Participant: 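Here it is, the structure, as structure tokens.
Remember, it's a predicted structure, so these values are computed and weren't measured experimentally. Labels below follow one simple rule: chain letters A, B, ... track the order of the sequence lines, proteins then strands, and each chain is numbered from 1.
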There are 2 protein chains.
Amino acid sequence: MPQTHLRSATRYGNRPTMKDVAARAGVGLKTVSRVVNGEPGVTPETERRVQEAIDALGFRRNDSARVLRKGRTASIGLVLEDLADPFYGPLSRSVEEVARAHGALLINGSSAEDPEREQELVLALCARRVDGLVVIPAGDDHRYLEPELKAGVATVFVDRPAGHIDADVVLSDNFGGARDGVAHLIAHGHRRIGFIGDMPRIHTAAERLRGYRAAMEDAGIPVADSWMSLGVTDPERVRRAAGEMLSGPDPVTAVFAGNNRVTVTVIRVLAEQTRRVALVGFDDIELADLLQPGVTVVAQDAAEIGRTAADRLFRQLDGILVTPERIELPTRLITRGSGEIPPAD
Amino acid sequence: MPQTHLRSATRYGNRPTMKDVAARAGVGLKTVSRVVNGEPGVTPETERRVQEAIDALGFRRNDSARVLRKGRTASIGLVLEDLADPFYGPLSRSVEEVARAHGALLINGSSAEDPEREQELVLALCARRVDGLVVIPAGDDHRYLEPELKAGVATVFVDRPAGHIDADVVLSDNFGGARDGVAHLIAHGHRRIGFIGDMPRIHTAAERLRGYRAAMEDAGIPVADSWMSLGVTDPERVRRAAGEMLSGPDPVTAVFAGNNRVTVTVIRVLAEQTRRVALVGFDDIELADLLQPGVTVVAQDAAEIGRTAADRLFRQLDGILVTPERIELPTRLITRGSGEIPPAD
DNA sequence: TAGAGCCTGGACAACGTTGTCAGGCTCGGG
DNA sequence: CCCGAGCCTGACAACGTTGTCCAGGCTCTA
């Protein structure tokens, strides 16, 4: 019995509880609770005594117990691909900002594009009873979330729709953006245009590829297989892919890069070329305007996407929304030079 | 009484509890707990029945209750300045990676360089009983953390030391890095070198300024006041500051930029100059090698800093460390061209 | 076949907080 | 002087889980 007491006392390294504060202030437990939560009905004198005890003991309310009692954690989870990616930093920050406005904290997790890890993270967040989830999906089957949705966990998907479940999704107009970007190249006289992008099993990559194809078809240009390189993002392979489409029997005069990582590598490759090759990239990159030439991109607004998703999440939590929706945000073509280079052949 | 039951049932939107699972499986509550936690002492047959009930009900353990009971949350907090800053993304990611290896989740918070907000965030994290804290300080007085430290919250400061308390800190060798960077300019013949940095009340800024002064003094070069611009980071003011030191009566032939944001703006200003001015920046920036000329920088390894800090945090949690230490990580001078431009005067 | 020992399962308290409710006090009016 | 209204205060249960402890049934051996 004394042992039990000892253990409980060292539990959080001797953290005082409301009971301790109450004892020291000579009041009841509930009175302490009232003071801590700013509830009315406490005499100034009593409040002063309690506050004194709180300061003296360094008391800090235990939110775990509070959550258990109240059922709301005032925290939301954000599962994304990789926080180190410059696209996700601002996105995460804007989600945090909205959460903060609603008094909630943000728990971040990186899935590293691994579906299993995504599920693991999401379920861990659910076990902590986050009030809501913003998920940038890595996998394409999210039925494992059904019990959670039924239990009332607000959920918004971002960047790619959820697989096999009906949920809100906020994303950029990947198709339209890519189509416009490629059309821009065509408008500048290009016909042999290369495409380097991620695996089509990734929704954004598939949509952008579709946009590329649509633009080419609209212009009546048949696409050669050698112009497309899919499932390629690591620098080494992008380098090889770009090299091939630039030197083949039917060399391209322009390249459309499917995402920011690809764009960066393509810039490097093009810098080594003697021939001038046009480039439009999907996603903006920092300092793109300072390069020679400036890099023309199809930009998405990561912060705006995050804000929109988080807004929707909290509206779900307020019980305002019921029907899952798909929200597509427009992209913006930013011309800086690289996309306006005329074909050299 | 029936009302109470109704409320409890709708608490988390009808989330099943171990009690519900136990009832459905026809076993005791504790048996469910054992199955969920993989504890021994359950027949395969019983386990099967329990597992079935769990799946049927979509049960997910409530970690809030678990935490309350066990005293460990398996989560750590990271308070930084701004997750959208390219320096902090990789840092956060590497902290997350270490946390993950220890089975912990990461809660992120951005202080926006506001001391009050920092404190608010840190205390909110403490109320949630995070096991540990990694803090990039915004304020310079952290005595408010004393009760927490005493209560056993592991804490590591990053980038700047804690104020008025004794705690671990992991940072770059800001002084040495800046001194080396400036010495590099001096070695290339410069004598009139400008310095643009943040307010000296920020530790890193002060250290870098000290490094600048040390390098100049080592070379026996007296520093003119008009060469130094402190407390300047927003583009507009950097622009003005740079303009002044480039056009004054005693114009500089080289600039040392105190952080990544300053560097970017200075690059823009220099690009507009006819005269060629040398530049070395503190912090690496993306694509720095693709610019004309490439940007010479003093680089810190954000990921390594995060990893080191998180490692130390968990070592504290394992009870291995006792004495707070200051760990300084080396910086690396990366020459790319802009720092090797000879003085033009 | 009886007893010892092991294995499985369940009852119960506790973690720290908050919602409910009732008791006691003060104050003013009749 | 008494009574009711209104304000403070505190006792108590409950949130969902896990640690402790004990009971009952089984196996194995003598």
Side-chain angles (χ1 to χ4, degrees), chain A residues 1-23 25-47 49-50 54 57 59-74 127-129 151, chain B residues 1 3-23 25-50 54 57 59-74 127-129 151:
Chain A
M1 202 58 74
Q3 200 194 357
T4 303
H5 181 263
L6 185 66
R7 289 188 61 263
S8 98
T10 50
R11 189 40 98 43
Y12 292 108
N14 265 324
R15 243 173 197 298
T17 71
M18 286 191 178
K19 200 165 137 194
D20 302 325
V21 175
V27 300
L29 180 53
K30 181 67 216 216
T31 301
V32 176
S33 170
R34 274 192 270 261
V35 171
V36 169
N37 294 294
E39 285 170 34
V42 181
T43 6
E45 161 59 13
T46 309
E47 173 163 1
R49 280 221 315 287
V50 171
I54 288 178
L57 295 175
F59 167 81
R60 206 85 70 199
R61 180 179 62 197
N62 184 333
D63 274 353
S64 296
R66 176 167 223 249
V67 159
L68 181 59
R69 194 59 238 259
K70 308 201 74 154
R72 280 274 167 119
T73 56
R128 269 154 216 255
R129 297 293 186 269
Chain B
M1 203 58 73
Q3 201 195 357
T4 303
H5 181 263
L6 185 65
R7 287 189 61 263
S8 98
T10 50
R11 189 38 99 42
Y12 292 110
N14 265 324
R15 238 165 202 299
T17 71
M18 287 192 177
K19 200 165 138 195
D20 301 325
V21 175
V27 301
L29 179 55
K30 182 66 216 221
T31 301
V32 176
S33 171
R34 274 193 270 262
V35 171
V36 170
N37 294 294
E39 287 170 32
V42 181
T43 8
E45 162 58 13
T46 307
E47 173 164 0
R48 196 191 51 72
R49 280 221 315 285
V50 171
I54 289 179
L57 296 174
F59 167 81
R60 205 86 69 197
R61 180 178 63 197
N62 185 331
D63 274 352
S64 296
R66 177 168 222 249
V67 159
L68 181 59
R69 194 59 238 257
K70 308 201 74 153
R72 280 275 166 117
T73 56
R128 268 153 216 257
R129 297 292 186 269

Participant: Does A:Ser33 put a side-chain nitrogen or oxygen below 4.0 Å from OP1 or OP2 of C:dT18?
Facilitator: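 It does, given that an N or O in the side chain of A:Ser33 lies less than 4.0 Å from OP1 or OP2 of C:dT18.
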Participant: Could you check which of C:dT18, C:dG16, D:dT17 has an atom nearest any side-chain atom of A:Arg69?
Facilitator: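 The answer is C:dT18.
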Participant: Return the value, rounded to whole Å, for the distance between atom CG of A:Asp20 and atom P of C:dC15.
Facilitator: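 Taking CG of A:Asp20 and P of C:dC15, I get 11 Å after rounding.
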Participant: Rounded to whole angstroms, how far apart are CG on A:Leu29 and P on D:dC12?
Facilitator: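 To the nearest whole Å, that distance equals 12 Å.
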Participant: How many Å lie between CZ on A:Arg66 and C1' on D:dT17, as a whole number?
Facilitator: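 The distance from CZ of A:Arg66 to C1' of D:dT17 comes to 20 Å, rounded to the nearest Å.
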Participant: Applying salt bridge (charged side-chain N to carboxylate O under 4.0 Å, His left out), can you list everything that pairs with A:Arg60, at least two apart in sequence or on another chain?
Facilitator: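 Applying salt bridge (charged side-chain N to carboxylate O under 4.0 Å, His left out) to A:Arg60 gives B:Glu148.
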Participant: Verify side-chain contact (heavy atoms from CB on, under 4.5 Å) between A:Ile54 and A:Val36, making sure each step is shown before the conclusion.
Facilitator: CA-CA 9 Å; A:Ile54 288 178; A:Val36 169; 3.9 Å; yes
Participant: What's the closest nucleotide to the A:Lys30 side chain, out of D:dG19, D:dT17, C:dT20?
Facilitator: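 Of all the options, the side chain of A:Lys30 is nearest to C:dT20.
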Participant: Could you tell me if the side chain of A:Thr17 sits less than 4.5 Å from the side chain of A:Asn62, heavy atoms only?
Facilitator: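 Answer no - side chains too far apart.
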Participant: Could you state the atom-to-atom distance from CG of B:Leu68 to P of C:dA14 in whole Å?
Facilitator: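 After rounding, the reported distance stands at 14 Å.
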Participant: Is any side-chain nitrogen or oxygen of B:Asn62 closer than 4.0 Å to OP1 or OP2 of D:dC15?
Facilitator: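 False: B:Asn62 side-chain N/O out of range (4.0 Å or more) of D:dC15 OP1/OP2.
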Participant: Under 4.5 Å between any side-chain heavy atoms of B:Arg66 and B:Asn37, yes or no?
Facilitator: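 Result yes, sub-4.5 Å side-chain heavy-atom pair found.
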Participant: Please check the phosphate of C:dC15 (OP1 and OP2 only) for any side-chain N or O of A:Arg15 closer than 4.0 Å.
Facilitator: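 Answer no for this pair, as no side-chain N or O of A:Arg15 is under 4.0 Å from OP1 or OP2.
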Participant: Mind running side-chain contact (heavy atoms from CB on, under 4.5 Å) on A:Arg61 and A:Asp63 for me, showing each step along the way?
Facilitator: CA-CA 6 Å; A:Arg61 180 179 62 197; A:Asp63 274 353; 3.1 Å; yes
Participant: Kindly determine whether B:Thr73 and B:Arg128 satisfy side-chain contact (heavy atoms from CB on, under 4.5 Å), including the steps that lead there.
Facilitator: CA-CA 8 Å; B:Thr73 56; B:Arg128 268 153 216 257; over 6 Å; no
Participant: Answer yes or no: side-chain N or O of B:Lys19 and base N or O of D:dG16 forming a donor-acceptor pair under 3.5 Å.
Facilitator: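 Result: no qualifying N/O pair found.
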Participant: Return the 5'-most residue of the pair A:Ala65, B:Glu39 with respect to DNA chain D, ranking by each residue's nearest nucleotide.
Facilitator: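 The answer here is A:Ala65.
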Participant: Name the closest nucleotide to the B:Lys70 side chain, picking from D:dG16, C:dT18, D:dG19.
Facilitator: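 So the side chain of B:Lys70 is nearest to D:dG19.
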Participant: Please state how far atom CD in A:Glu47 lies from atom C1' in D:dC8, giving the value in whole angstrom units.
Facilitator: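 So the CD-C1' distance, A:Glu47 to D:dC8, works out to 13 Å.
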Participant: Search all heavy atoms of B:Val35 against all heavy atoms of B:Val42 and return the closest pair with its distance.
Facilitator: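 Looking at all heavy atoms of both residues, the closest pair is CG2-CG1, 4.1 Å.
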Participant: Under 4.0 Å, counting only non-hydrogen atoms across every strand here, what does B:Asp63 touch: a base, just sugar-phosphate, or nothing?
Facilitator: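 Touches nothing.
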Participant: Enumerate all atom pairs, one protein N or O and one N or O from nucleotides 5-9 of chain C, separated by less than 3.5 Å.
Facilitator:
from	atom 1	to	atom 2	distance (Å)
C:dT8	O3'	B:Thr43	OG1	3.2
C:dG9	OP1	B:Thr43	OG1	2.8
C:dG9	OP1	B:Thr46	OG1	2.3
C:dG9	OP2	B:Thr43	N	3.3
C:dG9	N7	B:Arg34	NH2	3.1

